[in-house]
Amino acid sequence: MARRVVKQSQACGLVAISHRLDSPGAERREQGLRVARRLLKGVAALQHRGTESCGLALGRHWLQDGNEFHAILNVRNLGLVDAPLARRVPGFEQAGNYDELTHLVGKVHGGVAHVRYVTSGHGFLRYTQPFPSGNERDPDFSIVFNGNLTNYHSLRRELEGKGFKPKTNVDTELIAELLRRGMLQQPARRNEPAIVRGVRYAQARLKGAYSVAAYTREGELVAFRDFLAYRPLKLGKLHSRHVVASETVALDAMSAKYVRDVEPGEIFFVGSDGRQKSFKAAAPRRVEGSQTCIFESIYFMHHNSVERGLPVWFHRARFGAAVAGKALENIRKADARLAAEIDSARESGPPEGVLVVPVPRSGIPQGVGLAMALGLRVSRQPERDSEIFGKAAEMARDAGLPAAVRGFARRFTRHALSDHPAILRKLRTQRSFIAPKGLQKGEVDRKFLFNAREVAGKDILLVDDTIVRGTTMPRLVRKLREAGARSVHVVTPAPPILAACFMGTAMNSEELIAHKALTAVQKARLQPEGGGLSERELKALDGKVSAAVAKRIGADSVTYGDIPVMLKAAGLAPCGHPRGDRACTSCFTGSYAEPVDAQAAPGVRKRK
């Protein structure tokens, strides 16, 4: 009989700071407290990537009876990166200077930190990262991870057959065990640290998406990615320290300067002396370039993070502009009067009765981009959500950027706004997509306020980054109608999400609203062994899916973006392109770049 194992799939954010040994003694004493605080600042800047739990591991050493000791202090907490996490570090909040902190925890030289959202099962402290290897109170190293292993079950069976007894059901524990075994079992190479041997051993056995950082008891930092670089991993410098983070917004929060991305398959190592080396593991098969998850640019990344040389909000604004023509044609099919009003905007200016309303905060740049392309007025945003316009103004003045980029940014800052916001998002509310399953429905009802004075009597183009489960959108449409909207047309620059993600995003095909519009045969094609749907087949399905989703959410029309148009706006090549920077679009097509075990999908899996 099959034994039932609930695998805790995770999508997360991580940061790490390396050891620094070469600073003067007095300066180094003061930096230890700043290392811990900067880790907290960095991981707090990634709160949008996970709200279920958080943690940090501090590499520390101290002198006792003339002997020097090294250890890792692992601190983990359920919930947000806030005072509760800081309070779990002994004396952290009370320490006015470094000497007071070292009296309790030793001198802090570096470490790793993590935020997590869980996509199946429940949240427990034992699943929280950083994950310690060996003795939890005195680990050999602590590890943080973002992604999803597609061979988790076969790997777990293999390790159990060799005597390993897992304490959890998370990918991170298996990665830590592989690192440990590689450090012990692999033959030593000249000038290659033991932790790097462990990484080589692990990379030869791991399948799927993984961005990982680990900090050892000896003060070494290692960071590595899978060979297609599905999940982001950035490198930065903070004086002479090296910093690793999931996004550049975390580097900014730590006052670190972005240097480059960790390369696909690269092993980035910093020793306890602060010196850095890069190693390249042998790829299990021939791969060239990267295959980045497009959902990072669409949704996960903070809008102020930089990706492919430009801010994420800029990419999203271009997504919105790129879908404008298709949105107008769909509106024309549903309401010729409204389409004629929009057509007139190019000559007579924005019509008073039509308003583009971005869903705050996820749809703001896309909504402005759409409004720019159609010549419509866009709903004003409260001051706390208007920082994008300030960033756009800075880009417009940056002579180092191409003229086309500066021009787009200039038009973005000058575009016509309404007098008041149409939708307000309440403070201290979290993204409903990453909220724990039981809280998603309630989170939607709690976090928005609607301004009837701005909405009543108008045709609304409601814009969001994507429609995944359809949890948020039906309630937004209903509330806008209750506020007096004459019509509500929904626009998302992302294509319909039809298939499960096996690479670290919490999307199970059965819960996807667009997937429900398909036939049984089409659904079978979207399974890992089904081969996926071609571009021609997806284009033929577009109208059917849009109509079905519009009916389900109560909208007058729904417009989805197209894969080729979106990739062109993002500056990425399609999945399957022979080389270069590609995008993983498997969740749109069901076509996967490498063999996938169906048990690897988010949710409950059976272990054979």
Side-chain angles (χ1 to χ4, degrees), residues 3-16 39-40 43 46-47 49-59 71-82 84-90 111-149 152-153 155-157 159-160 163-181 202 206 208 210-217 434-439 504 506 599-600 602-605 607:
R3 180 156 66 91
R4 198 173 178 84
V5 171
V6 182
K7 176 177 179 286
Q8 293 274 338
S9 301
Q10 305 167 74
C12 321
L14 63 89
V15 296
L39 278 170
L40 282 173
V43 78
L46 298 177
Q47 191 74 85
R49 298 185 70 90
T51 57
E52 192 267 341
S53 64
C54 54
L56 73 161
L58 302 176
I72 295 175
L73 174 66
N74 239 48
V75 184
R76 298 180 288 176
N77 195 75
L78 295 177
L80 304 179
V81 181
D82 211 336
L85 180 61
R87 282 198 294 268
R88 292 180 71 91
V89 181
V112 293
H114 190 267
V115 289
R116 169 181 181 262
Y117 91 88
V118 62
T119 64
S120 64
H122 302 282
F124 296 107
L125 196 59
R126 66 178 179 269
Y127 298 136
T128 301
Q129 300 181 44
F131 196 92
S133 173
N135 187 330
E136 185 161 353
R137 296 194 175 187
D138 185 23
D140 298 321
F141 59 85
S142 280
I143 183 173
V144 288
F145 159 77
N146 177 29
N148 187 58
L149 299 183
Y152 171 85
H153 289 287
L155 199 55
R156 177 173 171 143
R157 284 195 298 271
L159 290 172
E160 285 178 329
F164 176 59
K165 296 180 180 179
K167 297 177 182 178
T168 70
N169 47 14
V170 295
D171 296 328
T172 319
E173 184 178 20
L174 298 193
I175 298 173
E177 176 63 12
L178 289 174
L179 291 179
R180 188 190 69 82
R181 286 174 180 262
L206 297 175
Y210 53 88
S211 288
V212 182
Y215 198 87
T216 71
R217 181 196 290 135
I434 65 169
K437 290 284 193 293
L439 299 179
Q599 292 179 325
V604 177
R605 291 107 166 168
R607 180 168 170 235

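Between Ala57 and Ile72, the closest heavy-atom pair is CB-CG2, 3.8 Å. Taking all atoms of both residues into account, the shortest heavy-atom contact from Leu155 to Leu149 is CD2-CD1, 4.4 Å. When all heavy atoms of Leu80 and Cys54 are compared, the pair lying nearest together is O-SG, 3.5 Å. Scanning all heavy atoms of the two residues, the minimum distance from Gln129 to Cys12 falls at NE2-SG, 4.3 Å. Between Val112 and Ala213 the shortest heavy-atom distance is CG1-CB, 4.3 Å. For the pair Ala176 and Phe141, the tightest heavy-atom approach, listed with the atom from each and the gap, is O-CZ, 3.5 Å.
Listed for the Asn146 side chain is no donor-acceptor partner under 3.5 Å among the backbone atoms of Ser211. Distance alone, capped at 3.5 Å, is enough to place a donor-acceptor pair between the Asn74 side chain and the Pro130 backbone. Under a 3.5 Å cut-off, the side chain of Gln47 and the backbone N or O of Gly50 do form a donor-acceptor pair. Side-chain atoms of Glu173 come within 3.5 Å of backbone atoms of Thr168 as a donor-acceptor pair (strictly under, hydrogens ignored).
Arg217 meets the side chain to side chain contact (heavy atoms under 4.5 Å, CB included) test with His70, Asp138, Asp140; sequence neighbours excluded. With sequence neighbours excluded, the residues that form a side chain to side chain contact (heavy atoms under 4.5 Å, CB included) with Ser53 are Leu78, Arg116, Thr128.
Two residues are said to be in side-chain contact when any heavy atoms from C-beta on lie closer than 4.5 Å; Tyr127 and Glu52 fail this criterion. You'll find the side chain of Val81 stays beyond 4.5 Å of the side chain of Leu46, heavy atoms only. Contact annotation: the side chain of Val43 never approaches that of Leu56 to less than 4.5 Å [non-hydrogen atoms, C-beta and beyond]. Within the 4.5 Å cutoff, no side-chain heavy atoms of Ser142 are placed close to those of Tyr215.
In this structure, Tyr152 OH and Arg157 CZ are separated by 11.0 Å, a value rounded to the nearest 0.5 Å. Note that CG of Asp171 is 11.0 Å distant from CZ of Phe131, once rounded to the nearest 0.5 Å. Taking CD1 of Ile143 as the reference point, atom CG of Leu179 lies at 5.0 Å (rounded to 0.5 Å). Here the CZ atom belonging to Arg126 is positioned 11.0 Å from the CZ atom belonging to Arg76, to the nearest 0.5 angstrom. In this structure, OG on Ser133 lies 10.5 Å from CG on Leu178, to the nearest 0.5 angstrom.
Comment: Arg180 engages Glu177 in a salt bridge, judged by a side-chain N to carboxylate O separation of less than 4.0 angstrom.
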